[in-house]
Amino acid sequence: MKMISAIVRQRGFWVKAVIVALLSVSLAALVFEVNRMVPGEDSDSVYTYGYYKARVTAVLFDDAEPASDQFEGRRTGRQNVELVLTNGPHKGETIILRRLPTLM
């Protein structure tokens, strides 16, 4: 306890404590500002998804098997399909969708 009291009484301790506190508050404010959503603006976040309609033109690979009884009617496995987008900004483009081992 005496050692802690001696450290707190030192002038340099308080200067360092204030500097660390100011830097912490500045960093928190910067993180908050960078991640703030502005109403009416599109987000550049990777978590912003858009959904478009597509038509399956070919099943390229499918090793999916029925899942356990707990997930009746669902399958687990991998699947690659070829799709043609039918609306949106990439309408008419052909893409390949790869589903990794997962519950479908």
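What you see is a predicted model; the values in this text were computed from it and never measured.
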Is a side-chain donor or acceptor of Asn80 paired with a backbone partner of Phe61 at a separation under 3.5 angstrom?
no
Sequence neighbours left out, what pairs pass side-chain hydrogen bond (donor to acceptor under 3.5 Å, both in side chains) with at least one residue falling in residues 81-91?
Thr57-Glu82, His90-Glu93
Please go through Leu83's hydrophobic cluster and name the other residues, only I, L, V, M, F, W, Y counting, with side-chain heavy atoms under 4.5 Å joining them.
Val56, Val59, Val81, Leu85, Ile95, Leu97
